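Residue numbers begin at 1 in each chain, while the letters A, B, ... track the order of the sequences. Small disclaimer: the values here were computed from a predicted structure and weren't measured.
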2 protein chains.
Amino acid sequence: MPKSKTPEAARRGRPGYDQQSVLSVAVAVFNKHGYEATSMGILAENLGISKSAIYHHVPSKGDLLRLALDEALGSLEAILDEPGASSGRADARLEYVLRSTVKVLTEKLPYVTLLLRLRGNTEVERNALERRRAFDRKVADLVDAARSEGSLRSDIDPRTTTRLLFGTINSIVEWYKPGGTLTAEKLADDLLTMIFDGLHLPAAARIA
Amino acid sequence: MPKSKTPEAARRGRPGYDQQSVLSVAVAVFNKHGYEATSMGILAENLGISKSAIYHHVPSKGDLLRLALDEALGSLEAILDEPGASSGRADARLEYVLRSTVKVLTEKLPYVTLLLRLRGNTEVERNALERRRAFDRKVADLVDAARSEGSLRSDIDPRTTTRLLFGTINSIVEWYKPGGTLTAEKLADDLLTMIFDGLHLPAAARIA
(Lines give C-alpha, C1' and ligand atoms only; values in the text may rest on other atoms or scores of the structure.)
Protein backbone atom coordinates (compact mmCIF):
# COMPACT_ATOMS: atom_id res chain seq x y z
CA MET A 1 0.00 0.00 0.00
CA PRO A 2 1.54 3.37 -0.97
CA LYS A 3 2.26 5.51 2.08
CA SER A 4 0.65 8.57 0.57
CA LYS A 5 -1.94 8.17 -2.13
CA THR A 6 -1.86 10.64 -5.04
CA PRO A 7 -5.21 12.21 -5.95
CA GLU A 8 -4.91 10.43 -9.27
CA ALA A 9 -4.58 7.00 -7.63
CA ALA A 10 -7.48 7.76 -5.31
CA ARG A 11 -9.67 8.65 -8.27
CA ARG A 12 -9.20 5.21 -9.82
CA GLY A 13 -11.34 3.58 -7.09
CA ARG A 14 -15.13 3.82 -7.25
CA PRO A 15 -16.31 7.24 -6.11
CA GLY A 16 -17.41 7.06 -2.47
CA TYR A 17 -14.99 4.28 -1.53
CA ASP A 18 -11.98 4.89 0.61
CA GLN A 19 -9.88 2.29 2.36
CA GLN A 20 -12.11 2.37 5.44
CA SER A 21 -15.31 1.67 3.52
CA VAL A 22 -13.65 -1.08 1.47
CA LEU A 23 -12.56 -2.58 4.80
CA SER A 24 -16.05 -2.34 6.24
CA VAL A 25 -17.58 -4.24 3.30
CA ALA A 26 -14.74 -6.78 3.33
CA VAL A 27 -15.31 -7.55 7.01
CA ALA A 28 -19.03 -8.13 6.42
CA VAL A 29 -18.20 -10.53 3.57
CA PHE A 30 -15.51 -12.33 5.61
CA ASN A 31 -18.01 -12.80 8.46
CA LYS A 32 -20.67 -14.12 6.10
CA HIS A 33 -18.63 -16.56 4.01
CA GLY A 34 -15.54 -17.08 6.16
CA TYR A 35 -12.16 -15.48 5.43
CA GLU A 36 -10.72 -18.47 3.59
CA ALA A 37 -13.77 -18.98 1.38
CA THR A 38 -13.75 -15.29 0.35
CA SER A 39 -11.82 -14.57 -2.86
CA MET A 40 -10.85 -11.13 -4.13
CA GLY A 41 -13.41 -11.82 -6.89
CA ILE A 42 -16.23 -12.23 -4.32
CA LEU A 43 -15.06 -9.06 -2.58
CA ALA A 44 -15.03 -7.12 -5.86
CA GLU A 45 -18.57 -8.35 -6.60
CA ASN A 46 -19.82 -7.21 -3.17
CA LEU A 47 -18.11 -3.84 -3.55
CA GLY A 48 -19.36 -3.41 -7.11
CA ILE A 49 -15.83 -2.54 -8.27
CA SER A 50 -13.17 -4.42 -10.20
CA LYS A 51 -10.50 -6.52 -8.52
CA SER A 52 -7.85 -4.08 -9.74
CA ALA A 53 -9.78 -1.23 -8.11
CA ILE A 54 -9.52 -3.06 -4.76
CA TYR A 55 -5.76 -3.29 -5.21
CA HIS A 56 -5.67 0.51 -5.27
CA HIS A 57 -6.87 0.42 -1.67
CA VAL A 58 -4.94 -2.58 -0.29
CA PRO A 59 -2.29 -4.82 -1.82
CA SER A 60 -3.85 -8.16 -0.78
CA LYS A 61 -6.68 -10.00 0.97
CA GLY A 62 -4.29 -10.64 3.86
CA ASP A 63 -3.78 -6.89 4.28
CA LEU A 64 -7.53 -6.38 4.49
CA LEU A 65 -7.64 -9.02 7.22
CA ARG A 66 -4.68 -7.44 9.04
CA LEU A 67 -6.27 -3.97 8.94
CA ALA A 68 -9.63 -5.35 10.09
CA LEU A 69 -8.14 -7.28 12.99
CA ASP A 70 -6.03 -4.29 13.99
CA GLU A 71 -9.24 -2.26 14.23
CA ALA A 72 -10.53 -4.68 16.89
CA LEU A 73 -7.25 -5.41 18.67
CA GLY A 74 -6.05 -1.81 18.73
CA SER A 75 -9.25 -0.75 20.49
CA LEU A 76 -9.03 -3.57 23.02
CA GLU A 77 -5.34 -2.95 23.76
CA ALA A 78 -5.99 0.78 24.22
CA ILE A 79 -8.32 -0.04 27.12
CA LEU A 80 -5.43 -1.38 29.19
CA ASP A 81 -3.54 1.93 28.91
CA GLU A 82 -6.42 4.02 30.24
CA PRO A 83 -6.22 5.29 33.85
CA GLY A 84 -9.32 3.27 34.86
CA ALA A 85 -7.45 0.08 33.98
CA SER A 86 -4.21 0.93 35.72
CA SER A 87 -5.01 2.56 39.06
CA GLY A 88 -7.29 1.77 41.97
CA ARG A 89 -8.50 -1.51 43.49
CA ALA A 90 -8.12 -4.57 41.25
CA ASP A 91 -11.86 -5.31 41.20
CA ALA A 92 -12.63 -1.75 40.08
CA ARG A 93 -9.95 -2.03 37.38
CA LEU A 94 -11.35 -5.40 36.27
CA GLU A 95 -14.85 -3.92 36.12
CA TYR A 96 -13.53 -0.97 34.12
CA VAL A 97 -11.78 -3.25 31.62
CA LEU A 98 -14.81 -5.52 31.18
CA ARG A 99 -17.17 -2.56 30.73
CA SER A 100 -14.83 -1.04 28.16
CA THR A 101 -14.51 -4.40 26.41
CA VAL A 102 -18.30 -4.58 26.04
CA LYS A 103 -18.18 -1.05 24.61
CA VAL A 104 -15.56 -2.04 22.02
CA LEU A 105 -17.53 -5.19 21.15
CA THR A 106 -20.70 -3.25 20.47
CA GLU A 107 -18.99 -0.36 18.65
CA LYS A 108 -16.76 -2.57 16.49
CA LEU A 109 -19.09 -5.58 16.37
CA PRO A 110 -18.16 -6.93 12.89
CA TYR A 111 -14.43 -6.46 13.52
CA VAL A 112 -14.53 -8.23 16.87
CA THR A 113 -16.74 -10.97 15.40
CA LEU A 114 -14.06 -11.57 12.77
CA LEU A 115 -11.39 -11.71 15.48
CA LEU A 116 -13.35 -14.17 17.61
CA ARG A 117 -13.96 -16.55 14.69
CA LEU A 118 -10.31 -16.71 13.58
CA ARG A 119 -8.81 -20.13 13.04
CA GLY A 120 -5.18 -19.06 12.83
CA ASN A 121 -4.13 -20.60 9.51
CA THR A 122 -2.03 -17.70 8.23
CA GLU A 123 0.65 -15.55 9.83
CA VAL A 124 -1.71 -12.56 9.99
CA GLU A 125 -4.18 -14.72 11.90
CA ARG A 126 -1.54 -16.20 14.20
CA ASN A 127 -0.24 -12.71 15.04
CA ALA A 128 -3.77 -11.54 15.81
CA LEU A 129 -4.46 -14.55 18.01
CA GLU A 130 -1.21 -13.89 19.89
CA ARG A 131 -2.29 -10.27 20.53
CA ARG A 132 -5.70 -11.51 21.65
CA ARG A 133 -4.10 -14.00 24.05
CA ALA A 134 -1.88 -11.23 25.45
CA PHE A 135 -5.00 -9.13 26.14
CA ASP A 136 -6.73 -12.12 27.76
CA ARG A 137 -3.67 -12.72 29.96
CA LYS A 138 -3.75 -9.12 31.23
CA VAL A 139 -7.42 -9.58 32.18
CA ALA A 140 -6.56 -12.90 33.84
CA ASP A 141 -3.89 -11.02 35.85
CA LEU A 142 -6.57 -8.59 37.02
CA VAL A 143 -8.76 -11.53 38.08
CA ASP A 144 -5.84 -12.90 40.09
CA ALA A 145 -5.20 -9.51 41.68
CA ALA A 146 -8.87 -9.08 42.60
CA ARG A 147 -8.88 -12.53 44.21
CA SER A 148 -5.72 -11.69 46.13
CA GLU A 149 -7.14 -8.46 47.49
CA GLY A 150 -10.19 -10.49 48.60
CA SER A 151 -12.82 -8.88 46.42
CA LEU A 152 -13.54 -11.87 44.18
CA ARG A 153 -14.68 -15.26 45.41
CA SER A 154 -11.92 -17.83 45.57
CA ASP A 155 -14.00 -21.02 45.36
CA ILE A 156 -13.83 -20.79 41.56
CA ASP A 157 -10.48 -21.47 39.89
CA PRO A 158 -9.06 -18.25 38.37
CA ARG A 159 -8.73 -19.85 34.93
CA THR A 160 -12.36 -20.96 35.02
CA THR A 161 -13.34 -17.47 36.19
CA THR A 162 -11.55 -15.87 33.23
CA ARG A 163 -13.04 -18.38 30.77
CA LEU A 164 -16.55 -17.72 32.05
CA LEU A 165 -16.00 -13.95 31.96
CA PHE A 166 -14.82 -13.98 28.35
CA GLY A 167 -17.41 -16.61 27.37
CA THR A 168 -20.19 -14.36 28.62
CA ILE A 169 -18.79 -11.19 27.11
CA ASN A 170 -17.78 -12.64 23.75
CA SER A 171 -21.17 -14.31 23.28
CA ILE A 172 -22.61 -10.80 22.83
CA VAL A 173 -21.40 -10.79 19.22
CA GLU A 174 -23.78 -13.68 18.49
CA TRP A 175 -26.97 -11.81 19.32
CA TYR A 176 -26.49 -8.10 20.06
CA LYS A 177 -28.07 -5.78 17.49
CA PRO A 178 -26.71 -2.21 17.69
CA GLY A 179 -29.37 0.45 17.32
CA GLY A 180 -32.09 -1.61 19.04
CA THR A 181 -33.84 -0.83 22.34
CA LEU A 182 -31.00 -2.33 24.38
CA THR A 183 -28.26 0.30 24.45
CA ALA A 184 -24.62 -0.68 24.76
CA GLU A 185 -24.47 1.05 28.17
CA LYS A 186 -27.46 -0.88 29.56
CA LEU A 187 -26.06 -4.12 28.15
CA ALA A 188 -22.74 -3.45 29.92
CA ASP A 189 -24.61 -2.67 33.17
CA ASP A 190 -26.68 -5.85 32.91
CA LEU A 191 -23.71 -8.02 32.07
CA LEU A 192 -21.57 -6.67 34.92
CA THR A 193 -24.49 -7.02 37.33
CA MET A 194 -24.93 -10.67 36.41
CA ILE A 195 -21.22 -11.46 36.48
CA PHE A 196 -20.40 -9.71 39.76
CA ASP A 197 -23.65 -9.74 41.73
CA GLY A 198 -25.61 -12.61 40.16
CA LEU A 199 -29.17 -12.90 38.94
CA HIS A 200 -30.65 -13.86 42.28
CA LEU A 201 -32.51 -11.02 43.88
CA PRO A 202 -30.18 -9.65 46.59
CA ALA A 203 -31.06 -11.12 50.00
CA ALA A 204 -31.70 -7.60 51.37
CA ALA A 205 -34.35 -6.96 48.69
CA ARG A 206 -36.00 -10.30 49.43
CA ILE A 207 -36.22 -9.62 53.16
CA ALA A 208 -37.62 -6.14 52.54
CA MET B 1 -31.80 -46.05 6.12
CA PRO B 2 -33.22 -49.60 6.38
CA LYS B 3 -35.26 -50.03 9.57
CA SER B 4 -33.51 -53.29 10.46
CA LYS B 5 -30.09 -54.04 9.08
CA THR B 6 -29.39 -57.63 8.01
CA PRO B 7 -26.16 -59.15 9.33
CA GLU B 8 -25.04 -59.34 5.71
CA ALA B 9 -25.52 -55.60 5.14
CA ALA B 10 -23.74 -54.83 8.41
CA ARG B 11 -20.75 -56.90 7.31
CA ARG B 12 -20.22 -54.73 4.25
CA GLY B 13 -18.98 -51.79 6.36
CA ARG B 14 -15.42 -51.75 7.71
CA PRO B 15 -15.12 -54.03 10.72
CA GLY B 16 -15.38 -51.97 13.89
CA TYR B 17 -17.67 -49.34 12.39
CA ASP B 18 -21.33 -49.16 13.24
CA GLN B 19 -23.66 -46.23 12.57
CA GLN B 20 -22.78 -44.60 15.89
CA SER B 21 -19.04 -44.59 15.25
CA VAL B 22 -19.51 -43.36 11.68
CA LEU B 23 -21.62 -40.56 13.16
CA SER B 24 -18.98 -39.71 15.74
CA VAL B 25 -16.26 -39.34 13.09
CA ALA B 26 -18.62 -37.39 10.80
CA VAL B 27 -19.42 -34.89 13.56
CA ALA B 28 -15.71 -34.29 14.23
CA VAL B 29 -15.14 -33.67 10.50
CA PHE B 30 -18.21 -31.39 10.22
CA ASN B 31 -16.94 -29.35 13.18
CA LYS B 32 -13.46 -29.08 11.68
CA HIS B 33 -14.31 -28.17 8.08
CA GLY B 34 -17.91 -26.99 8.35
CA TYR B 35 -20.90 -29.08 7.27
CA GLU B 36 -21.23 -27.53 3.83
CA ALA B 37 -17.54 -27.84 3.00
CA THR B 38 -17.53 -31.54 3.96
CA SER B 39 -18.15 -33.91 1.05
CA MET B 40 -18.93 -37.62 1.34
CA GLY B 41 -15.47 -38.08 -0.20
CA ILE B 42 -13.80 -36.19 2.70
CA LEU B 43 -15.86 -38.24 5.17
CA ALA B 44 -14.83 -41.51 3.49
CA GLU B 45 -11.19 -40.44 3.66
CA ASN B 46 -11.45 -39.65 7.38
CA LEU B 47 -13.22 -42.94 8.08
CA GLY B 48 -10.76 -44.89 5.96
CA ILE B 49 -13.63 -46.58 4.11
CA SER B 50 -15.15 -46.15 0.66
CA LYS B 51 -18.05 -43.79 -0.05
CA SER B 52 -20.26 -46.76 -0.84
CA ALA B 53 -19.39 -48.25 2.57
CA ILE B 54 -20.73 -45.08 4.23
CA TYR B 55 -23.99 -45.50 2.33
CA HIS B 56 -24.44 -48.83 4.09
CA HIS B 57 -24.68 -46.89 7.33
CA VAL B 58 -26.68 -43.82 6.24
CA PRO B 59 -28.32 -42.87 2.95
CA SER B 60 -26.94 -39.30 2.75
CA LYS B 61 -24.82 -36.57 4.32
CA GLY B 62 -28.05 -34.86 5.37
CA ASP B 63 -29.05 -37.97 7.34
CA LEU B 64 -25.72 -37.93 9.17
CA LEU B 65 -26.41 -34.30 10.10
CA ARG B 66 -29.97 -35.09 11.17
CA LEU B 67 -28.84 -38.00 13.37
CA ALA B 68 -26.05 -35.90 14.89
CA LEU B 69 -28.32 -32.95 15.68
CA ASP B 70 -30.94 -35.29 17.11
CA GLU B 71 -28.30 -36.62 19.49
CA ALA B 72 -27.86 -33.10 20.93
CA LEU B 73 -31.48 -31.93 20.72
CA GLY B 74 -32.98 -35.17 22.05
CA SER B 75 -30.80 -34.91 25.17
CA LEU B 76 -31.68 -31.24 25.72
CA GLU B 77 -35.40 -31.81 25.21
CA ALA B 78 -35.39 -34.76 27.61
CA ILE B 79 -34.25 -32.40 30.40
CA LEU B 80 -37.53 -30.52 30.28
CA ASP B 81 -39.53 -33.72 30.94
CA GLU B 82 -37.60 -34.59 34.10
CA PRO B 83 -39.26 -33.98 37.48
CA GLY B 84 -36.61 -31.41 38.49
CA ALA B 85 -37.66 -29.26 35.54
CA SER B 86 -41.40 -29.49 36.09
CA SER B 87 -42.08 -29.21 39.82
CA GLY B 88 -40.98 -26.89 42.60
CA ARG B 89 -40.12 -23.20 42.65
CA ALA B 90 -39.32 -21.66 39.29
CA ASP B 91 -35.78 -20.64 40.29
CA ALA B 92 -35.00 -24.20 41.42
CA ARG B 93 -36.41 -25.54 38.14
CA LEU B 94 -34.36 -23.00 36.17
CA GLU B 95 -31.24 -23.99 38.09
CA TYR B 96 -32.00 -27.67 37.44
CA VAL B 97 -32.43 -27.08 33.70
CA LEU B 98 -29.24 -25.01 33.41
CA ARG B 99 -27.21 -27.55 35.39
CA SER B 100 -28.55 -30.37 33.20
CA THR B 101 -27.83 -28.31 30.07
CA VAL B 102 -24.19 -27.96 31.13
CA LYS B 103 -24.13 -31.75 31.67
CA VAL B 104 -25.45 -32.40 28.15
CA LEU B 105 -22.99 -29.87 26.68
CA THR B 106 -20.02 -31.56 28.30
CA GLU B 107 -21.19 -35.13 27.61
CA LYS B 108 -22.18 -34.48 23.99
CA LEU B 109 -19.69 -31.71 23.32
CA PRO B 110 -19.09 -32.31 19.56
CA TYR B 111 -22.81 -32.78 18.88
CA VAL B 112 -23.81 -29.61 20.70
CA THR B 113 -20.94 -27.71 19.05
CA LEU B 114 -22.34 -28.75 15.67
CA LEU B 115 -25.81 -27.59 16.72
CA LEU B 116 -24.56 -24.21 17.96
CA ARG B 117 -22.65 -23.51 14.74
CA LEU B 118 -25.56 -24.27 12.40
CA ARG B 119 -26.39 -21.71 9.75
CA GLY B 120 -29.77 -23.12 8.73
CA ASN B 121 -29.30 -23.49 4.99
CA THR B 122 -31.04 -26.86 4.58
CA GLU B 123 -34.34 -28.23 5.83
CA VAL B 124 -32.55 -30.50 8.30
CA GLU B 125 -30.77 -27.44 9.72
CA ARG B 126 -33.92 -25.31 9.81
CA ASN B 127 -35.79 -28.07 11.66
CA ALA B 128 -32.98 -28.36 14.19
CA LEU B 129 -32.86 -24.59 14.72
CA GLU B 130 -36.63 -24.59 15.30
CA ARG B 131 -36.25 -27.32 17.96
CA ARG B 132 -33.39 -25.34 19.54
CA ARG B 133 -35.53 -22.19 19.62
CA ALA B 134 -38.38 -24.15 21.23
CA PHE B 135 -35.98 -25.30 23.96
CA ASP B 136 -34.72 -21.74 24.45
CA ARG B 137 -38.30 -20.47 24.74
CA LYS B 138 -39.07 -22.99 27.51
CA VAL B 139 -36.01 -21.75 29.42
CA ALA B 140 -37.10 -18.14 28.81
CA ASP B 141 -40.50 -19.07 30.29
CA LEU B 142 -38.72 -20.35 33.41
CA VAL B 143 -36.80 -17.07 33.64
CA ASP B 144 -40.11 -15.20 33.45
CA ALA B 145 -41.65 -17.44 36.11
CA ALA B 146 -38.67 -16.99 38.45
CA ARG B 147 -38.92 -13.21 38.05
CA SER B 148 -42.64 -13.33 38.76
CA GLU B 149 -42.17 -15.33 41.95
CA GLY B 150 -39.58 -12.73 42.99
CA SER B 151 -36.50 -14.92 43.06
CA LEU B 152 -34.68 -13.33 40.10
CA ARG B 153 -33.73 -9.67 39.87
CA SER B 154 -36.08 -7.66 37.69
CA ASP B 155 -33.77 -4.77 36.77
CA ILE B 156 -32.50 -6.83 33.82
CA ASP B 157 -34.89 -7.38 30.91
CA PRO B 158 -35.95 -11.05 30.75
CA ARG B 159 -34.80 -11.36 27.13
CA THR B 160 -31.38 -9.98 28.03
CA THR B 161 -31.27 -12.35 31.00
CA THR B 162 -31.96 -15.36 28.77
CA ARG B 163 -29.41 -14.22 26.16
CA LEU B 164 -26.72 -13.80 28.82
CA LEU B 165 -27.58 -17.19 30.37
CA PHE B 166 -27.31 -19.03 27.07
CA GLY B 167 -24.30 -16.96 26.01
CA THR B 168 -22.43 -18.01 29.14
CA ILE B 169 -23.47 -21.66 28.96
CA ASN B 170 -22.97 -22.13 25.21
CA SER B 171 -19.51 -20.54 25.32
CA ILE B 172 -18.37 -23.65 27.21
CA VAL B 173 -18.11 -25.56 23.91
CA GLU B 174 -15.36 -23.15 22.84
CA TRP B 175 -12.94 -24.06 25.61
CA TYR B 176 -14.05 -26.96 27.81
CA LYS B 177 -11.85 -30.05 27.51
CA PRO B 178 -13.55 -33.19 28.87
CA GLY B 179 -11.22 -35.41 30.87
CA GLY B 180 -9.16 -32.52 32.28
CA THR B 181 -8.88 -31.42 35.90
CA LEU B 182 -12.11 -29.41 35.73
CA THR B 183 -14.93 -31.96 36.01
CA ALA B 184 -18.30 -31.31 34.39
CA GLU B 185 -19.89 -31.18 37.87
CA LYS B 186 -17.48 -28.53 39.16
CA LEU B 187 -17.90 -26.54 35.95
CA ALA B 188 -21.69 -26.60 36.42
CA ASP B 189 -21.27 -25.53 40.07
CA ASP B 190 -18.95 -22.67 39.11
CA LEU B 191 -21.14 -21.49 36.26
CA LEU B 192 -24.32 -21.50 38.36
CA THR B 193 -22.51 -19.75 41.19
CA MET B 194 -21.39 -16.96 38.87
CA ILE B 195 -24.75 -16.63 37.15
CA PHE B 196 -26.92 -16.65 40.26
CA ASP B 197 -24.66 -15.34 43.02
CA GLY B 198 -21.99 -13.40 41.14
CA LEU B 199 -18.21 -13.39 41.38
CA HIS B 200 -18.00 -10.78 44.11
CA LEU B 201 -17.18 -12.28 47.44
CA PRO B 202 -20.45 -12.39 49.41
CA ALA B 203 -20.71 -9.38 51.73
CA ALA B 204 -20.98 -11.71 54.76
CA ALA B 205 -17.64 -13.31 53.92
CA ARG B 206 -16.02 -9.91 53.48
CA ILE B 207 -17.20 -8.70 56.89
CA ALA B 208 -15.99 -11.91 58.56
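From A:Ile169, atom CD1 reaches atom OG of B:Ser171 across 10.5 Å, with rounding to the nearest 0.5 Å. Here the CD1 atom belonging to A:Ile156 is positioned 4.5 Å from the CG atom belonging to B:Asp190, to the nearest 0.5 angstrom. The CG atom of A:Leu191 sits 14.0 Å away from atom CZ of B:Arg163, with the distance rounded to the nearest 0.5 Å. Between atom CZ of residue B:Arg117 and atom CZ of residue A:Arg117 there is a gap of 10.5 Å, rounded to the nearest 0.5 Å. In this structure, B:Ser154 OG and A:Leu199 CG are separated by 11.5 Å, a value rounded to the nearest 0.5 Å.
B:Leu201 has its side chain out of reach of A:Leu152: every pair of non-hydrogen atoms, C-beta onward, lies at least 4.5 Å apart. Side-chain contact between A:Trp175 and B:Leu164 is present, with at least one heavy-atom pair separated by less than 4.5 Å. Taking 4.5 Å as the limit, every side-chain heavy atom of B:Leu182 sits out of range of all side-chain heavy atoms of A:Asp157.
For A:Arg119, the part lying near chain B is the side chain, with the backbone staying farther off; criterion is any non-hydrogen pair under 4.5 Å. Residue A:Ile195 touches chain B through both its backbone and its side chain, counting heavy-atom pairs closer than 4.5 Å.
With a 6.0 Å radius and a threshold of 12 heavy atoms from other residues, nucleotides or ligands, A:Arg159 has its CZ atom at or below the threshold. The 12-atom threshold is not exceeded at CD of B:Glu45, counting heavy atoms of other residues, nucleotides or ligands nearer than 6.0 Å. Other residues, nucleotides and ligands place no more than 12 heavy atoms under 6.0 Å from the NZ atom of A:Lys51.
Within residues 26-35 of chain A, the residues that have a heavy atom under 4.5 Å from a heavy atom of chain B are A:Asn31, A:Lys32, listed by number.
The backbone N or O of A:Met194 sits nowhere less than 3.5 Å from a side-chain atom of B:Arg153 that would complete a donor-acceptor pair.
Among B:Asp189, B:Thr193, B:Leu165, the residue making the largest number of heavy-atom pairs under 4.5 Å with chain A is B:Thr193.
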